[in-house]
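For reference, the structure is listed below as structure tokens.
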Amino acid sequence: MVWDWLPEYLPRFAEGLWITIKLFVLSLFFGFALAIPIGLVQVSGPKWLGLIARGFCTLFRGTPLLIQLWLLYYGLGSVVPYYPGLRESFIWPILVEAFPYAIVAFSLSVAAYEGHVMKGAFQSVPKGELEAGRAFGMKGFTLLRRVWFPRAMQNVLPTLAGEAVLTLKSVPLASTITIFGVYGVGSIVRQETYRTYEPLLFVGFIYVCITALVVVLFRWLESRVPSESQM
Amino acid sequence: MNIIKSMLAATVITASLSTGASAEVRLGLDSANYEPFYSRGSDGEWTGWEIEIGDAICAAMKEDCSWVPIAWDGIIPALTAKKIDAIFGSMSITDERKKTINFSDKYYNTPAALVAPKGMSIESVDDLKGKKIGVQVSTTHSNYVEKYLSDGTEVKIYSDFNEHNQDLFAGRVDAIVADSLALAPFLESAEGSCCEVKMELNDEAVFGIGVGAGIRKEDTELLAKVNAAIKQIREDGTYDEIAKKYFDFDIYGGSN
């Protein structure tokens, strides 16, 4: 094992770490925000909306994330030049960057997986509790906010933690569309030093650390939500 | 039980295959197409100028050779780990790489080129300030950009040669630096008609003296054989015959 390259590349790893975390947190945030309505409409929405949500989950869970990412980035990239006005338009600076594409692709993937989880979570809340809420005069959004959503979250936090960790470990895929996170920096080290094990081990080590942090964070969240036995 | 049997059989087959393969010389090349040097058709066969030259060198060495596609950023580790015996995939000879592996004598040399949209005026390297430049990972071109152009420009690194071409066409990068010859088919295509070669880049310290076969340090016997074979096909006209089929200029680049 030779580690003398490490000090030289640490600043770049720090930059990469920031990119990895930014991509991870943002896609988790947007993805979960989408997952709540996607789960909800499958349980209680109008039938056609539920079908659309189900179709979305099936489609995005059934295709590789790498393909989705490339369809978005390279697929759209190959179409865009045929709209001449676009290059002068105000959204062009965003279309040029790779990062927004990654956020969209990762968020949609998170939304599909967690939407499915949330559907089960909403379903698992006993009908009697919702009826009890209604008996207290709660309606629609208030019922969702005060009874249905918190009860659903209680059951599902450990599953969401698992999904979050899986999402984190998909982030290296973004290096294929020029977003060089921790993994990307690792591959630069590999090409410049011709060392294989050390950079890969170091990248793995960083991922273990972030994963541990995510797990601890979710444990803390779980501890804040009163469990069945405490009620 | 059946499953275990077939697994055992598979292990035996792979084992016998790998021992059988060590008798031949395994030539490694990038798993992505690199036209006109090498590309894989829908039938899985590799074709191109470099494939023909490689086969000619093998014939001159009187060795059996096989072509092994490997992801470019892992190709030197694959050589040192003995997964292949020689890199024969348009790898430029550089001092940096020589620290890890040996190189045969060069078998061709083409300049690097800076390619940008036709409308853009680029007179010198200074005009690239504030622009986005695309390069492929693990290439002398990325080393060049890192050395001379990293100040004031944004460098985007791609894992695949074709991807930065696509993004140049899409307008996501303003310019790319790549091998002038490898770029020729792209520039002739409908998508590539957007762009043109703005200048040729020469820097021996970065680009080296040309392209050679990468060979393990300890494998001096193979190195000598490859060098002799290159010399032989240069002298007996095989090299020129193959080169004529692909290029209308001197791909060897000089007489040394």
Side-chain angles (χ1 to χ4, degrees), chain A residues 2 5 9 12 15-16 19 66 69-89 91-102 172-181 183-200 203, chain B residues 32 71-81 83 87 91 94 96-101 117 119 131-143 146-147 150 154-160 162-174 176 190-195 214 216-217:
Chain A
V2 179
W5 50 270
Y9 287 99
R12 291 182 85 164
E15 280 170 40
I19 291 171
L66 183 65
L69 194 65
W70 280 32
L71 276 176
L72 260 177
Y73 184 74
Y74 290 114
L76 218 63
S78 66
V79 178
V80 154
Y82 294 109
Y83 297 92
L86 209 55
R87 286 199 191 190
E88 284 73 45
S89 77
I91 54 166
W92 182 242
I94 300 170
L95 290 177
V96 171
E97 292 301 323
F99 201 73
Y101 292 87
L173 291 178
S175 75
T176 61
I177 61 166
T178 73
I179 298 170
F180 276 55
Y183 166 81
V185 175
S187 66
I188 290 176
V189 176
R190 277 173 63 198
Q191 63 145 312
E192 286 179 1
T193 63
Y194 306 116
R195 308 222 55 95
T196 308
Y197 283 111
E198 297 89 340
L200 286 177
V203 169
Chain B
W72 189 246
D73 54 2
I75 203 161
I76 288 178
L79 178 69
T80 53
K83 297 205 188 311
I87 297 169
M91 180 171 273
T94 63
E96 194 57 36
R97 286 174 176 149
K98 271 189 190 162
K99 287 180 195 159
T100 314
I101 56 173
K131 301 263 196 284
K132 291 190 174 77
I133 304 175
V135 285
Q136 190 189 355
V137 69
S138 261
T139 55
T140 50
H141 311 112
S142 77
N143 296 343
E146 181 117 319
K147 188 169 173 188
S150 57
E154 188 188 329
V155 180
K156 292 185 93 177
I157 300 171
Y158 293 82
S159 49
D160 183 325
N162 302 303
E163 285 162 7
H164 66 37
N165 296 351
Q166 250 175 54
D167 266 8
L168 178 68
F169 166 65
R172 287 194 182 119
V173 290
D174 301 305
I176 55 174
E191 296 195 341
S193 62
C194 63
C195 308
R216 274 186 296 279
K217 287 254 184 206

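So that the names make sense, note that chain A is the first sequence line, chain B the second, and so on, each numbered from 1. Source: prediction; values computed, not measured.
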With only heavy atoms counted, which part of [X] is less than 4.5 Å from chain A, the side chain, the backbone, both or neither?
X        : value
B/Ser142 : side chain
B/Thr100 : side chain
B/Ile157 : both

Of the listed residues ([options]), which shares the most heavy-atom pairs with chain A below a 4.5 Å separation?
options                              : result
B/Asn143, B/Asp73, B/Val137          : B/Val137
B/Pro77, B/Gly134, B/Ala170, B/Ala81 : B/Ala170
B/His164, B/Gln166, B/Lys99          : B/Gln166

Q | Exceeds 12 heavy-atom contacts within 6.0 angstrom, atom NZ of B/Lys83 | A | no
Q.
Could you check whether atom OH of A/Tyr183 has more than 12 heavy atoms from other residues, nucleotides or ligands sitting under 6.0 Å from it?
A. no
Q | Euclidean distance, A/Arg190 CZ relative to B/Ile76 CD1, rounded to 0.5 Å | A | 11.5 Å
Q: Working to the nearest 0.5 Å, report the span between OH of B/Tyr158 and CD1 of A/Ile177.
A: 9.5 Å
Is [X] in contact with chain B via its backbone, its side chain, both, or neither, using a 4.5 Å heavy-atom distance?
X        : value
A/Phe180 : side chain
A/Thr178 : both
A/Leu95  : backbone

(Q) For B/Arg97 versus A/Tyr194, what's the shortest heavy-atom pair and its separation? (A) CG-OH, 2.8 Å
Q. Can you find a heavy atom in the side chain of B/Glu163 that is under 4.5 Å from one in the side chain of A/Tyr73?
A. no
Q: Go through the steps to decide whether A/Glu97 and B/Lys132 satisfy the test salt bridge (Lys or Arg N to Asp or Glu O under 4.0 Å), and finish with yes or no.
A: CA-CA 10 Å; A/Glu97 292 301 323; B/Lys132 291 190 174 77; 3.5 Å; yes
